[in-house]
2 protein chains.
Amino acid sequence: MAPRQNPRRIIGRLLDIFRCEGYDGATLTTISNGIGLGRASFYHHFPGGKSDMARAAFDRASRDFTRAVLAPLAGTAPPAERLQGMVSGLDTFYDGGRGACLIDVFSMGGARDLFHEEISEAVAYWMEAIARVLVDVGFQPEEARRRAEDAIIAIQGSLIIARATSQTETFRRVLSQIVINLMSDAPAKAA
Amino acid sequence: MAPRQNPRRIIGRLLDIFRCEGYDGATLTTISNGIGLGRASFYHHFPGGKSDMARAAFDRASRDFTRAVLAPLAGTAPPAERLQGMVSGLDTFYDGGRGACLIDVFSMGGARDLFHEEISEAVAYWMEAIARVLVDVGFQPEEARRRAEDAIIAIQGSLIIARATSQTETFRRVLSQIVINLMSDAPAKAA
DNA sequence: GTCTATAAGCAGATAGAC
DNA sequence: GTCTATCTGCTTATAGAC
């Protein structure tokens, strides 16, 4: 039984499992069964053990998030299109509301001390990226940050409700309103 | 060393620990140290072990939530006062943004199967309680539910951001806007 | 109602064969 | 690169003294 796993697939599955079970809830046995690889084999890929696995999952999520969500915001397209690009990326990144966010999952229990600083920075970075688009639309920096924060809050909150109620309508409704809410009452001098 | 603990205090501390560490992250040793009671002593108070402890913490949270948040909504005061009563209760219940919500914490890992149904019902019940107030203000039921859902999303999302960034300004800002957002553009026939 | 002592099992982690 | 076997420590849980 040694069908030589694709490292890329392993990390993807690790991310799925940590998102669903949390850091403390994901045991090596859970992970082993979920991936179809013996417990010991993980120490070849991740010499540092479980924390290394979580690190790899976190880095994968960061890269995916940058590509799907942050990159569209930084483009040169018109502001509304950039925001809509973020929304499409969010739908993909959170699997239509079925996937949890590591900002939530890795900020409690044993993962908190491992990722707290990076999570805090990720939130700040995401918020600034949205705010910059709104400044381009003509909003004052302070108002832009406030609206960006509201958007992030709505995403995170709707993911909690999606998980709590086992449905995705809420997440999809929030996504569909994000751009409208961010741009409402935009200053006349909008680009 | 047997200063006979107050059961009420034990459950309160259990709730604090589960909120912070999560179900899987809270070990009996963590709990024992956090409360100052030997591991074995818990089996006198909670014969079913850890799941019984989580159950007691969940029930305590449910009761606290009903008293602090739901009760004001059901009163006979004017709608705006009832909503403001909920906001005050939320500030207390979530300790000004420092305390996590079990809707979040107990919906992943080993606690998910234990509490999923009750958590789902709690969200629905809370939403209906807010929506009823908005219907009293003159909103159509559908619009009332949508606004209620947005309010809950904002609370949950701001708690995530509060925990992720170790600050409470966001939570307090969201709280301060809840009533305004819920009541904005209320129909003329408002009571 | 709390404690000490201990059981039984599972956690994360390692050694070494293939 | 994966496996089997094993180790150590920690986890939940129990028995029984005080």
Side-chain angles (χ1 to χ4, degrees), chain A residues 1-60 102 105-106 108-115, chain B residues 1-58 60 105-106 108-115:
Chain A
M1 275 197 194
R4 195 170 183 258
Q5 296 271 354
N6 176 356
R8 181 165 177 76
R9 182 186 162 272
I10 290 176
I11 295 175
R13 295 287 301 124
L14 277 174
L15 178 52
D16 290 341
I17 293 166
F18 280 122
R19 277 173 132 180
C20 183
E21 303 297 335
Y23 181 76
D24 298 307
T27 69
L28 291 196
T29 301
T30 304
I31 293 169
S32 175
N33 293 339
I35 300 190
L37 192 64
R39 272 189 297 285
S41 303
F42 288 103
Y43 290 89
H44 170 75
H45 298 278
F46 312 100
K50 188 177 175 180
S51 62
D52 263 20
M53 299 179 210
R55 160 66 50 197
F58 187 86
D59 289 346
R60 162 67 63 85
L102 292 187
V105 172
F106 275 5
M108 71 177 104
R112 192 182 45 232
D113 293 343
L114 294 172
F115 298 102
Chain B
M1 275 198 193
R4 194 168 184 258
Q5 296 270 355
N6 175 355
R8 180 165 176 75
R9 181 186 163 272
I10 291 177
I11 295 175
R13 294 287 301 124
L14 276 175
L15 178 53
D16 291 340
I17 292 166
F18 280 123
R19 277 173 131 179
C20 183
E21 302 298 335
Y23 181 77
D24 298 307
T27 69
L28 291 196
T29 301
T30 305
I31 293 169
S32 175
N33 293 339
I35 300 191
L37 191 65
R39 273 189 297 284
S41 303
F42 288 103
Y43 290 89
H44 170 75
H45 298 278
F46 311 100
K50 189 177 175 180
S51 61
D52 262 20
M53 301 178 209
R55 160 65 50 196
F58 187 86
R60 162 67 61 87
V105 172
F106 274 5
M108 70 178 106
R112 192 182 44 232
D113 292 344
L114 294 172
F115 298 103

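All heavy atoms count here, side chains included; hydrogens, waters and symmetry mates do not.
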S.K.: Verify the contact: side-chain N or O of B:His44 to OP1 or OP2 of C:dT2, cut-off strictly under 4.0 Å; return yes or no.
M.R.: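 Checking B:His44 against C:dT2: no side-chain N or O falls below 4.0 Å of OP1 or OP2.
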S.K.: Could you tell me whether the phosphate oxygens of D:dC3, OP1 or OP2, come under 4.0 Å of any side-chain nitrogen or oxygen in A:Ser41?
M.R.: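 Result: yes.
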S.K.: Phosphate oxygens OP1/OP2 of C:dT2: is one of them under 4.0 Å from a side-chain N or O of B:His45?
M.R.: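 True: B:His45 side-chain N/O within range (under 4.0 Å) of C:dT2 OP1/OP2.
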S.K.: Look at the side-chain N and O atoms of B:Thr29 and state whether any lies under 4.0 Å from the OP1 or OP2 oxygen of D:dC10.
M.R.: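 Checking B:Thr29 against D:dC10: no side-chain N or O falls below 4.0 Å of OP1 or OP2.
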S.K.: Between B:Gly36 and A:Thr27, which residue's closest nucleotide on DNA chain C lies nearer the 5′ terminus?
M.R.: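 Its nearest nucleotide being more 5', the pick is B:Gly36.
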S.K.: Are B:Arg55 and B:Asp52 close enough for a salt bridge, meaning some N to O gap below 4.0 Å?
M.R.: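 Salt bridge absent between B:Arg55 and B:Asp52.
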S.K.: A:Lys50 NZ to C:dT14 C1': how many Å, rounded?
M.R.: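 These atoms are roughly 18 Å apart.
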S.K.: What is the distance from CG of A:Asp24 to C1' of C:dA11, rounded to the nearest Å?
M.R.: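 The answer, rounded to whole Å, is 12 Å.
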S.K.: For A:Arg13 and A:Gly34, indicate whether the former's side chain and the latter's backbone hold a donor-acceptor pair under 3.5 Å.
M.R.: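 Yes.
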S.K.: Nearest whole Å is fine: how far is D:dT4 P from A:Leu37 CG?
M.R.: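 Computing the A:Leu37:CG to D:dT4:P distance gives 11 Å.
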S.K.: In whole angstrom, what separates A:Asn33's CG from C:dC10's P?
M.R.: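 Atom-to-atom, A:Asn33 to C:dC10, this comes out as 13 Å.
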S.K.: Describe, in one word, how the ring planes of B:Phe18 and B:Phe106 are oriented to each other, choosing from parallel (under 30°), tilted (30 to 60°) and perpendicular (over 60°).
M.R.: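 Taking B:Phe106 first and then B:Phe18, their aromatic rings stand perpendicular (interplane angle over 60°).
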S.K.: Rounded to whole angstroms, how far apart are CD1 on A:Ile35 and C1' on D:dT2?
M.R.: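 Nearest whole value for this atom pair: 14 Å.
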S.K.: Write down the atom of B:Asp24, the atom of B:Gly109, and the distance for their closest heavy-atom approach.
M.R.: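 Result for this residue pair: OD2-CA, 3.4 Å.
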S.K.: Measure the distance from CZ on A:Phe42 to P on C:dG12 and round it to the nearest whole Å.
M.R.: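 For the pair A:Phe42 CZ and C:dG12 P, the rounded distance is 11 Å.
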S.K.: Whole Å only: how far is the CG atom of B:Leu28 from the P atom of C:dT4?
M.R.: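 So the CG-P distance, B:Leu28 to C:dT4, works out to 16 Å.
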S.K.: It should be established whether A:Tyr43 places a side-chain nitrogen or oxygen under 4.0 Å from OP1 or OP2 of nucleotide C:dT14.
M.R.: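 Result: no.
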S.K.: CD of B:Glu21 versus P of D:dT11: gap in Å, rounded?
M.R.: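 The answer, rounded to whole Å, is 12 Å.
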S.K.: Are A:Phe42 and A:Lys50 side-chain neighbours, meaning at least one heavy-atom pair lies under 4.5 Å?
M.R.: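 No, side chains not in contact.
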